[in-house]
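Every number for a ligand or one of its atoms is a count from 1 in the order of the listing.
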Amino acid sequence: MRVLVIEDDDAIASALEKGLIREGFEPIRAGTAAQALNSLPVDFILLDLGLPDRDGVELFQNLRAVTSAPIIMVTARGAEQDRIAGLDLGADDYVVKPFGFRELVARINAVLRRTSHRDMESPTQVLGPIEIDRRTRKVTVAGEEIACTPKEYGILEFLARDPGATITRQEILDSVWGSNWFGSTKMMDVHVASLRRKLGIPNVVETVRGIGFRLVVPQ
Ligand code: CA
């Protein structure tokens with residue numbers, strides 16, 4: 001997977017490059033907007049908003065116009081951060097400097113999981129007795145349609161993208177509530193409880209204590 005690292009600070013870019021290689025990615029470095037646009041196509045983009053030759057937001061829009069690769073914005077704390085939050089530009093996520101590399105990798109993986117369905121061929125996914133139709137957003141259990149609320153549907157659909165995998169509360173929050181939602185994840189339990197009742201299959205949405213949830217598909 002080719003990851004374009006758009007970052008003019010050499011020390012940060014080198015550290016990211018080394019870390020990404022360790023994680024099995026193929027980083028491509030660009031220190032300017034011009035270099036970045038010449039490095040396409042790529043599979044994923046990390047965009048530092050503070051660049052010497054072009055406004056970062058403008059470059060974001062340039063990139064969005066020519067590539068559908070997911071973009072994580074990297075920003076300095078403060079005014080810049082407020083600006084993106086306010087603009088709600090449609091980046092797939094953003095991280096604020098200074099950030100830990102583990103946090104960044106977790107966010108990359110979460111974005112990849114969230115965006116992978118963009119390429120999914122069939123709109124219908126069958127998981128044992130459960131069928132999810134992403135085109136109509138309808139869920140059936142053993143052929144019977146169940147009436148999910150948008151949040152219940154969102155949680156189920158998101159867990160179903162990687163059945164069996166433990167998905168963190170934060171990932172669910174980012175996907176279903178949006179990454180600009182800042183608050184407790186407690187209300188998630190209410191929606192999960194309701195979803196479980198409607199599915200009516202014991203232990204299908206398993207709680208992974210202190211982490212999140214996973215979908216355990218019945219045979
Ligand atoms: Ca910079």
(request) Indicate whether the side chain of S14 and that of R29 have a donor and an acceptor atom separated by less than 3.5 Å. (result) yes
(request) May I ask you to decide if P41's main-chain N or O and R2's side chain share a donor-acceptor pair within less than 3.5 Å? (result) yes
(message) Per the salt bridge (Lys or Arg N to Asp or Glu O under 4.0 Å) rule, what does the pair list look like for residues 198-216, sequence neighbours excluded?
(response) E152-K198, E206-R214
(request) Provide the protein N, O or S atoms situated under 3.0 Å from the Ca ion (ligand 1); waters are not included. (result) D8 OD1, D48 OD2, G50 O
(message) Less than 3.5 Å apart, any donor N or O on the side chain of N62 or E58 sitting next to an acceptor on the other?
(response) no
(message) One pair to check against salt bridge (charged side-chain N to carboxylate O under 4.0 Å, His left out): K97 and E7. What are the steps and the verdict?
(response) CA-CA 12 Å; K97 287 178 181 174; E7 171 60 73; 3.2 Å; yes
(request) Please answer whether the main-chain N or O of A69 pairs with a side-chain N or O of R64 as donor and acceptor at a distance below 3.5 Å. (result) yes
